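Encoded as structure tokens, the structure appears first; notes follow it.
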Protein chains: 2
Amino acid sequence: MSKAITAKRRPNLFESRIFPIEKIELDGVEESFLRGGRHLFKLLPRAMSGIEQIGVIGWGSQGPAQAQNLRESLEGTGIRVAVGLRAGSESFAEARAAGFSEADGTLGEMFDVIRGSNLAILLISDGAQAQLYKTIFEALRPGATLGLSHGFLLAYLETVGERFPPNVNVIAVCPKGMGPSVRRLYEQGRKVNGAGINTSFAVEQDRDGRATDIALAWSVALGAPYTFKTTLKSEVVSDLFGERAILLGAVHGIVEALYHRYLEEGARPEDAFNRACESLTGPIRQTISRHGLIGIDEHLDAEGRRDFRRAYDSTYGAFKGLMAEIYDEVVSGNEVKSVVMAADRFREFPMTKVDGSPMWKAGAEVRRRRGQIKTDIDGFTAGTFCGAMMAQVDTLVEHGHPYSEIANESIIEAVDSLLPYMHARGVAYMVDNCSTTARLGSRKWGPRFQSMLEQVAFPTLASRESTPDQPPERFLTHPVHEVLHRLSEMRPVIDIAVT
Amino acid sequence: MSKAITAKRRPNLFESRIFPIEKIELDGVEESFLRGGRHLFKLLPRAMSGIEQIGVIGWGSQGPAQAQNLRESLEGTGIRVAVGLRAGSESFAEARAAGFSEADGTLGEMFDVIRGSNLAILLISDGAQAQLYKTIFEALRPGATLGLSHGFLLAYLETVGERFPPNVNVIAVCPKGMGPSVRRLYEQGRKVNGAGINTSFAVEQDRDGRATDIALAWSVALGAPYTFKTTLKSEVVSDLFGERAILLGAVHGIVEALYHRYLEEGARPEDAFNRACESLTGPIRQTISRHGLIGIDEHLDAEGRRDFRRAYDSTYGAFKGLMAEIYDEVVSGNEVKSVVMAADRFREFPMTKVDGSPMWKAGAEVRRRRGQIKTDIDGFTAGTFCGAMMAQVDTLVEHGHPYSEIANESIIEAVDSLLPYMHARGVAYMVDNCSTTARLGSRKWGPRFQSMLEQVAFPTLASRESTPDQPPERFLTHPVHEVLHRLSEMRPVIDIAVT
């Protein structure tokens with residue numbers, strides 16, 4: 001299937017009657033974007049005119065972040081932000097602790113909140129969306145706007161041959177980071193204007209011509225440094241694919257395999273962890289965040305470059321086929337069906353643990369001793385990680401995704417939103433702060449990446465002596481470096497402060 | 001999905017006008033079966049009357065075995081066994097070396113052979129069946145019998161909303177072992193009457209009332225010690241499920257995880273391999289083959305029983321949910337779609353290696369030194385393996401499969417057909433002698449089982465001190481032990497001689 005849908009990227013443009021839209025050229029293809037920041041909050045009432053209540057439905061990964069950011073950004077505008085939860089949900093207490101309350105009408109049963117909202121933002125789990133969509137569609141006011149943060153529901157409706165109701169707008173604003181980072185960077189944005197998580201938006205149905213401006217307003221209110229355009233279909237495919245691959249699944253598999261490898265080479269557990277994981281979530285991540293993938297090269301000596309190249313070549317080759325498999329599984333609808341079936345099994349078989357293996361004990365010890373141990377950019381670890389990232393980038397390029405989406409779903413989300421969580425408390429703190437769909441995908445595909453390194457990539461490594469001491473030409477000259485450079489100029493330099 | 005299809009097993013009966021059918025009660029449910037053996041070969045001409053040519057299409061795992069066994073069993077009857085291959089196939093040379101030839105009409109282009117056959121046995125890969133089924137159906141003679149060795153084609157037709165052509169019989173005879181073992185044990189059957197691989201048969205379409213007898217004749221001619229009944233749907237589900245789980249995927253994941261565990265406990269590589277893999281494919285396998293799962297208990301001392309129990313409990317619990325997931329993926333059609341998509345990617349991404357990890361180097365060394373090193377039944381390894389087998393058995397029981405199918409797909413095929421190959425030359429020699437579908441499934445799910453042990457089962461082990469020194473009651477009293485005992489009485493005791 002992969003080979004058949006190889007597509008050409010096309011200009012990715014949009015206009016707004018309210019917000020100042022700019023253009024950028026990414027690898028020769030023009031894209032529109034909106035630069036965010038708090039100075040735009042004054043435009044929100046006009047963009048959202050007619051909206052009296054925004055209902056934020058669900059309190060999982062995105063719910064708490066979006067509800068609080070929207071409330072704060074819209075303060076004083078008269079637009080009410082209300083949280084809607086399943087009757088009897090244990091999350092009522094958390095929502096109340098965050099200042100939402102039944103008394104002032106900002107907290108209630110989900111269908112009541114949907115019926116009372118002009119913009120209903122659906123942030124319940126994908127599995128619950130699949131179970132409840134009919135009742136949700138019935139509860140929507142005619143003329144209201146249905147907001148999604150992810151194209152999953154579209155993909156699910158396709159598998160069952162259903163459609164969105166025709167009498168509403170359907171839009172999506174999709175933060176390129178997990179909920180806790182959407183909240184955390186927004187808070188940091190009070191001091192550094194424009195700090196936040198980048199988003200993409202999509203307009204699936206526009207019955208009154210206002211869908212684009214409502215979506216842009218929602219994105220600005222979430223604190224997005226910049227907003228670019230996609231379609232629901234492109235979003236759900238790149239999102240499900242990306243989190244199964246480098247964002248969560250692949251990076252987990254990579255550190256487990258590297259840890260085993262370094263142990264087998266004779267390293268002690270803490271040293272193996274320091275090289276396999278601490279180096280990746282620490283200096284490698286920071287260097288990519290500040291200087292792009294190409295920045296890694298500048299921080300390596302000749303030996304480090306040889307290690308980088310050996311790991312890069314073998315990883316890229318081994319992962320490219322696995323990425324093609326995951327892409328096919330997502331596009332075909334298999335992955336959507338898997339998530340829905342897993343949700344049906346949760347009562348009998350709850351989500352399993354992801355950080356039980358011995359390396360995470362060594363990890364806790366390394367984190368405890370931070371400051372006493374030196375953590376450099378490990379050339380082999382960096383080569384494995386970059387090889388995986390580039391395999392993902394090329395897979396998305398071959399399928400015609402816009403570069404704004406590719407760079408965010410493959411690199412920026414990893415280094416600026418997710419890996420800081422793994423750095424702070426280990427893999428489970430990253431994976432299990434994400435959506436149920438992402439958590440399931442990471443558990444499903446992570447072991448495949450680990451095995452692909454252990455069974456295929458590492459055993460085929462050429463001898464060190466015959467490896468050139470520079471990264472491969474196709475890495476050094478890849479257009480993604482210029483894309484990352486341009487995108488990085490569109491937002492403030494800020495490191496997320498994970499608590 | 002799992003919980004919804006929990007079904008009750010029902011009597012599983014059939015009759016024959018030619019062969020002597022017996023009955024057996026397995027866990028309180030009656031099943032018919034045909035005991036095989038060379039003394040029945042004289043009944044083959046009557047059961048196959050009207051059949052002038054049997055076309056065996058394909059030369060993969062099953063093709064060479066079935067073509068040669070059929071030819072030998074039907075020698076002197078006048079029924080011709082002809083092999084049909086894709087035009088230009090590299091397998092023509094192998095088929096000629098096995099004595100089939102264009103000159104005497106026993107070797108030819110596949111569609112020619114199908115057009116010339118009254119019974120066309122379709123043994124090309126599942127992916128090729130999905131690609132070619134329309135042309136194949138057109139080539140079948142009206143009134144002919146289409147033979148399958150696996151229900152995959154039915155499952156595929158369901159996913160695309162198609163059916164078998166109405167003017168032919170459709171039957172299946174499904175050996176519960178890979179092709180090379182079907183051939184090898186048949187050869188051993190020249191000296192030990194009844195040696196062979198058990199089969200199930202299914203009648204999907206019976207337009208002339210003769211389908212059952214043709215299927216039974218085919219099974220007897222393959223050398224099946226006994227033949228039991230199933231449906232194409234039950235077969236494809238249990239077959240795809242079983243090979244993804246304990247038959248190939250799970251057992252691969254188990255030995256990789258055990259090897260890591262024993263290394264981390266301080267064992268040297270060869271000792272770790274000896275405990276993790278050699279013990280399993282050697283004495284554990286032999287004991288189960290001769291004395292059933294319960295036989296393991298008799299060979300353990302108190303410490304071994306404690307180890308067995310710790311491993312059994314944690315493995316069973318961790319694997320039950322993963323088995324439910326695999327069962328859902330198979331029943332939903334996802335797994336069938338995955339196989340078809342993988343076949344479409346082969347040109348760009350060929351099948352990967354499964355035995356590259358360091359343990360298989362240690363394995364080669366252990367095999368080289370056989371006779372000099374002692375290999376006992378390792379209690380922990382045995383507990384892990386038996387816990388996995390029982391998780392699979394219970395999953396199939398809960399979904400209403402007949403016990404004949406359950407025992408064969410979960411235990412007998414593993415110990416009597418597959419594991420001897422892993423014992424002889426390592427995991428790839430077992431996995432890659434199986435069908436493409438099985439090889440893909442093993443690569444897909446094996447790493448999940450490995451990870452489930454490393455991340456979930458092993459970290460939750462209770463301390464040894466608090467573990468009772470006997471296997472769990474639910475293992476000791478499980479009905480599968482009596483089922484295995486009864487089934488073992490239905491065939492000669494013979495160990496496959498893998499060369």
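Keep in mind the model is a prediction, meaning the values are calculated, not measured. All chains are named by letter (A, B, ...) in the order of the sequence lines, taking the proteins before the strands, and each is independently numbered beginning at 1. We use all heavy atoms of the structure for the numbers below, so side chains are in, but hydrogens, waters and symmetry mates are not.
Residues K353(B) and M452(A) are not in side-chain contact: their nearest non-hydrogen atoms beyond the backbone lie 4.5 Å or more apart. Between R443(A) and E325(B) there is no side-chain heavy-atom pair separated by less than 4.5 Å. Under the 4.5 Å side-chain criterion, counting only non-hydrogen atoms from C-beta, T352(B) is not in contact with Q455(A). Looking only at side-chain heavy atoms (C-beta outward), Q450(B) and Q450(A) come within less than 4.5 Å of each other. Proximity of K337(A) to D328(B): side-chain heavy atoms (C-beta onward) are nowhere separated by under 4.5 Å.
For the atom pair W445(A) CH2 and K444(B) NZ, the distance stands at 5.5 Å (nearest 0.5 Å). To the nearest 0.5 Å, atom NE2 of residue H260(A) and atom NE2 of residue H260(B) are 4.0 Å apart.
For chain B, the option among G446(A), A342(A), P358(A), A343(A) with the highest count of heavy-atom pairs below 4.5 Å is P358(A). Note: G321(A) leads G253(A), G333(A), G321(A) in heavy-atom pairs under 4.5 Å with chain B. The residue among K361(A), R261(A), E335(A), E454(A) with the most heavy atom pairs within less than 4.5 Å of chain B is E454(A).
Proximity to chain B (any heavy atom under 4.5 Å) is shown, for L453(A), by neither the backbone nor the side chain. In this structure, the portions of E329(A) lying under 4.5 Å from any heavy atom of chain B include both its backbone and its side chain.
Surrounding CZ of R268(B) are at most 12 heavy atoms belonging to other residues, nucleotides or ligands under 6.0 Å away.
Looking at every heavy atom in both residues, P459(A) comes nearest to S357(B) through CG-N, 4.5 Å.
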